[in-house]
Amino acid sequence: MKTFVLPGTDIVAPAIVTGMMRIQEKSDAEVRALFDASLDAGVNFFDHAAVYGSQPHGCERRFAEALSLTPSQRDEITLQTKVGIVKEDGPYFDFSYDEIVSSVDDSLTALGTDHIDILLLHRPDALVEPEEVARALDEVATAGKVRYFGVSNHSPAQVELLKRYVTQPLVANQLQLSITHADLITQGMSINMGALDQSVDRTIGTLDYCRLHDITVQAWSPFQAGFFNGPFLGNPDYPELNAVIDRLAGAYDVPGEAIATAWITRHPAQMQVVLGTTQPERVTAAAKGADVVLTKVEWYELYRAAGHIVP
Ligand SMILES: NC(=O)c1ccc[n+]([C@@H]2O[C@H](COP(=O)([O-])OP(=O)(O)OC[C@H]3O[C@@H](n4cnc5c(N)ncnc54)[C@H](OP(=O)(O)O)[C@@H]3O)[C@@H](O)[C@H]2O)c1
């Protein structure tokens with residue numbers, strides 16, 4: 001497994017992360033199998049959020065109850081969670097001091113741990129008051145409850161606004177990215193081209209901003225064709241892409257999932273891929289991609305086969 005020291009931290013991070021958004025209904029044995037397959041593949045980094053599950057903190061609780069980690073087992077993994085999406089009376093976004101501080105306490109209880117390694121601000125709150133965010137982050141950091149902080153789905157200006165008051169480094173920005181949902185990448189290659197939809201700026205230079213500021217991009221939904229509309233692998237709507245994936249999978253002797261993962265880890269921004277599968281064998285398959293280094297020709301062939309244009 002490709003690993004690197006996550007910039008701004010002392011965490012040795014794998015290029016692949018196992019996301020826990022879909023484990024609410026899984027049995028203890030299923031959660032353990034997913035966890036064990038992750039560790040066996042070198043993935044010791046787990047992504048949670050307060051909002052995942054049928055109840056607030058539901059998936060965090062399911063994870064802790066199913067695994068009952070010993071203190072030393074806990075210390076061998078990186079636990080990341082998120083704050084700021086509220087379902088009750090909503091959904092709405094809430095970066096208030098009270099929500100951040102109480103959600104961190106509830107995450108600690110649900111996860112059965114005394115510290116969160118990385119806390120992400122989940123989705124930009126239109127009513128954010130960055131001074132309040134700073135006060136909340138200072139409090140949970142000083143209390144030893146959270147080691148590092150980051151954001152998710154944030155634009156460069158939104159990060160800058162937070163940084164005007166937040167003194168801790170923001171080390172990660174978790175953003176949607178797959179071969180087929182690749183606005184982060186496509187728009188940088190087609191600026192100022194009126195005839196091309198991929199020229200429409202939906203990401204506002206976020207990828208380059210993250211690279212410039214040592215903010216690690218964590219790619220969520222790496223297998224979804226679009227926004228939660230199912231995977232592109234084996235999808236008849238993507239015959240050309242699947243043909244290229246299958247050919248490269250054969251050439252590298254890895255499963256197709258690994259080629260999808262490798263397309264993201266090949267990017268020099270040194271991104272992490274946040275898997276959402278609940279199937280242990282798919283974690284094993286996808287994790288192999290971290291060690292596949294696609295050539296530039298192969299990377300661009302996948303890009304074109306997904307329907308993106310090289311102008
Ligand atoms: N920051 C954010 O706003 C945000 C938003 C969404 C998600 N996330 C994070 O990102 C993680 C991944 O999200 P996601 O679940 O949408 O991502 P994903 O890995 O792209 O999709 C996984 C889903 O696709 C299914 N699937 C079907 N065939 C598959 C195949 N061949 N390979 C892999 N998966 C296949 C999986 O089903 P099976 O379980 O049956 O394999 C699962 O339902 C989440 O767990 C969460 O941690 C973050």
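Numbering starts at 1 and runs along the sequence shown. As the structure lists them, so they are numbered: ligands from 1, and atoms in each ligand from 1.
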Report the nearest protein non-hydrogen atom to [atom]: residue, atom name, distance rounded to 0.1 Å.
atom                    : value
atom 42 (C) of ligand 1 : Arg22 NE, 3.6 Å
atom 7 (C) of ligand 1  : Met21 SD, 3.6 Å
atom 39 (O) of ligand 1 : Thr278 OG1, 2.6 Å
atom 2 (C) of ligand 1  : Trp220 NE1, 3.3 Å
atom 40 (O) of ligand 1 : Arg282 NH1, 3.3 Å
atom 1 (N) of ligand 1  : Ser152 OG, 2.8 Å
atom 16 (O) of ligand 1 : Ser221 OG, 2.6 Å
atom 3 (O) of ligand 1  : Asn153 ND2, 2.8 Å

Does the distance from a Lys or Arg side-chain N to an Asp or Glu carboxylate O, for Lys288 and Asp253, drop under 4.0 Å?
no

Can you find an N/O atom of [X] closer than 3.5 Å to an N/O atom of ligand 1?
X      : answer
Leu233 : no
Lys82  : no
Pro222 : yes
Gly276 : yes

Any side-chain donor-acceptor pair under 3.5 Å between [X] and [Y]?
X      : Y      : answer
Glu160 : Tyr209 : yes
Ser96  : Asp94  : yes
Asn153 : Gln158 : no
Ser107 : Glu60  : yes
His48  : Arg62  : no
Ser190 : Ser199 : no
Tyr252 : Glu298 : yes
Glu129 : Tyr165 : no

Can you tell which part of [X] has a heavy atom less than 4.0 Å from ligand 1: side chain, backbone, both or neither?
X      : answer
Leu175 : neither
Met20  : backbone
Gln224 : both
Pro231 : side chain
Glu257 : side chain

If hydrogens are left out, which of Thr277, Val273, Val283 has an atom nearest to atom 36 (C) of ligand 1, that is, the closest non-hydrogen atom?
Thr277

The one among Phe223, Phe227, Phe46 that brings a heavy atom closest to atom 33 (C) of ligand 1
Phe223

Quick one: which of Leu79, Thr9, Ile11 gives a side chain to side chain contact (heavy atoms under 4.5 Å, CB included) with Arg147?
Ile11

Worked check of side-chain contact (heavy atoms from CB on, under 4.5 Å) between Val140 and Phe149:
CA-CA 10 Å; Val140 296; Phe149 299 93; 3.8 Å; yes

Is the backbone of Ala225 close enough, under 3.5 Å, to the side chain of Asn235 for a donor and an acceptor to pair up by distance?
no

Out of all atoms in ligand 1, which are within 4.0 Å of some heavy atom of [X]? Include the element for each.
X      : answer
Gln174 : 1 (N), 2 (C), 4 (C), 8 (N), 9 (C), 48 (C)
His122 : 1 (N), 2 (C), 3 (O)
Asp47  : 9 (C), 46 (C), 47 (O)
Gly19  : 45 (O), 47 (O)
Tyr52  : 4 (C), 7 (C), 8 (N), 9 (C), 46 (C), 47 (O), 48 (C)

With Asp47, which of Gln272, Lys82, Gln218 fulfils side chain to side chain donor-acceptor pair (under 3.5 Å)?
Lys82

Does even one non-hydrogen atom of Gln176 get within less than 4.0 Å of ligand 1?
no

Could you walk me through whether Gln168 and Tyr148 pass the side-chain contact (heavy atoms from CB on, under 4.5 Å) test, one step at a time?
CA-CA 8 Å; Gln168 294 85 4; Tyr148 301 107; over 6 Å; no

Between Leu108 and Asp114, which heavy-atom pair has the shortest distance, and what is it?
CD2-C, 3.7 Å

